[in-house]
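For reference, the structure is listed below as structure tokens.
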Amino acid sequence: MRCIYCGYEDSKVIDSRSADEGRTIRRRRECFNCGKRFTTYETIEDTPVLVIKANGARQTFDAQKVKNGIIKSCEKRPVSMTVIDEIVGAVTKQVYNSMEQEVSSKYIGELVMNELKKYDEVAYVRYASVYRSFKDISSFLEELQSMMNNKK
């Protein structure tokens with residue numbers, strides 16, 4: 001790390017502390033050349049993931065939007081906020097682990113449905129009904145029939 005006083009390129013770390021709720025490391029350094037001390041901060045590089053919507057529009061991935069959709073589908077269901085947070089965490093992790101800078105909203109919807117299916121089938125059907133926008137009762141029944149066949 002280059003010294004801010006003399007420009008020398010070597011320094012030693014005297015003290016390291018966590019900052020910003022663990023998202024940053026604050027380092028106190030001392031220059032080998034001039035002996036002066038200075039502070040540096042190390043943070044995780046946050047690369048945004050863009051979501052490509054059905055209409056082609058792009059927006060930044062927002063885990064809160066995913067959470068809101070899951071909360072709506074789990075309304076009046078025995079699904080705790082802890083479970084909802086686990087689902088959101090799993091989906092977020094998969095989105096970032098895909099290593100893609102752009103993902104489709106369909107991909108995110110499928111991830112959410114796969115996770116919801118593990119915890120509550122009614123919440124899954126509610127989410128799927130909005131996500132897949134069933135046109136009529138027959139398409140809704142097809143999804144239910146598919147679920148029942150997979151259960152057997």
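Values below: all heavy atoms of this structure, side chains included; hydrogens, waters and symmetry mates excluded.
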- prompt: Are Cys3 and Cys34 close enough, and set up right, to give a side-chain contact (heavy atoms from CB on, under 4.5 Å), and what steps lead you there?
  reply: CA-CA 9 Å; Cys3 176; Cys34 68; 3.8 Å; yes

task: Could you give me the CA-CA distance, side-chain angles and deciding distance for Thr39 and Arg26, then say whether side-chain contact (heavy atoms from CB on, under 4.5 Å) is met?
output: CA-CA 7 Å; Thr39 302; Arg26 177 187 178 272; 3.7 Å; yes

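- Hydrophobic cluster of Ile4: the remaining members, joined at side-chain heavy-atom separations below 4.5 Å, are Met1, Tyr5, Phe38, listed by chain and number.
- Counting only heavy atoms from C-beta outward, the side chains of Tyr119 and Glu86 approach each other to under 4.5 Å.
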- request: Carefully, step by step, assess Thr92 and Phe61 under the rule side-chain contact (heavy atoms from CB on, under 4.5 Å).
  value: CA-CA 9 Å; Thr92 302; Phe61 173 75; 3.9 Å; yes

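- Contacts classified as side-chain hydrogen bond (donor to acceptor under 3.5 Å, both in side chains) and involving residues 47-65 (residues at least two apart or in different chains) are given here: Arg58-Glu102, Gln59-Lys65, Gln64-Asn68.
- Within the 4.5 Å cutoff, the side chain of Ser104 has no heavy atoms near those of the Val51 side chain.
- With values rounded to the nearest 0.5 angstrom, Cys74 atom SG is found 11.5 Å from Lys67 atom NZ.
- Contact check for Ser18 versus Thr24: no side-chain heavy atoms found under the 4.5 Å cut-off.
- We find the OG-CD distance between Ser16 and Glu42 to be 8.0 Å, quoted to the nearest 0.5 Å.
- Salt-bridge check for Asp10 with Arg2: failed, with every basic side-chain N at 4.0 Å or more from each acidic carboxylate O.
- At least one donor-acceptor pair closer than 3.5 Å links the side chain of Arg126 to the backbone N or O of Glu75.
- The distance from the CD atom of Gln94 to the CD1 atom of Ile108 is 11.0 Å, given to the nearest 0.5 Å.
- In terms of heavy atoms, Ile14 sits closest to Arg29 at CD1-C, 4.0 Å.
- Linking ILVMFWY residues whenever their side-chain heavy atoms come closer than 4.5 Å, directly or via other members, places Leu116 and Ile71 in the same cluster.
- Within a 6.0 Å radius of CE in Met81, more than 12 heavy atoms belonging to other residues, nucleotides or ligands are found.
- When all heavy atoms of Cys31 and Tyr8 are compared, the closest pair comes out as SG-CB, 3.8 Å.
- Between Ile70 atom CD1 and Met113 atom CE the span is 11.5 Å, to the nearest 0.5 Å.
- Annotation: side chain of Val49 is not in contact with side chain of Glu100 (no heavy-atom distance under 4.5 Å).
- Glu30 has no carboxylate O lying under 4.0 Å from a charged side-chain N of Lys36, or vice versa, which leaves the two without a salt bridge.
- Linking Ile, Leu, Val, Met, Phe, Trp and Tyr residues whenever their side-chain heavy atoms come within less than 4.5 Å leaves Val95 and Ile52 in two separate clusters.
- Two residues are said to be in side-chain contact when any heavy atoms from C-beta on lie closer than 4.5 Å; Arg28 and Thr40 fail this criterion.
- Side-chain contact between Val91 and Glu115: present, with at least one pair of heavy atoms (C-beta onward) separated by less than 4.5 Å.
- What you find for Asp120 and Val122 is that their closest heavy atoms are OD1-N, 3.1 Å.
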task: Given side-chain contact (heavy atoms from CB on, under 4.5 Å), test Tyr41 with Ile25 step by step and report yes or no.
output: CA-CA 6 Å; Tyr41 293 91; Ile25 297 174; over 6 Å; no

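- Residues Ser98 and Tyr107 meet the side-chain proximity criterion, which asks for heavy atoms closer than 4.5 Å.
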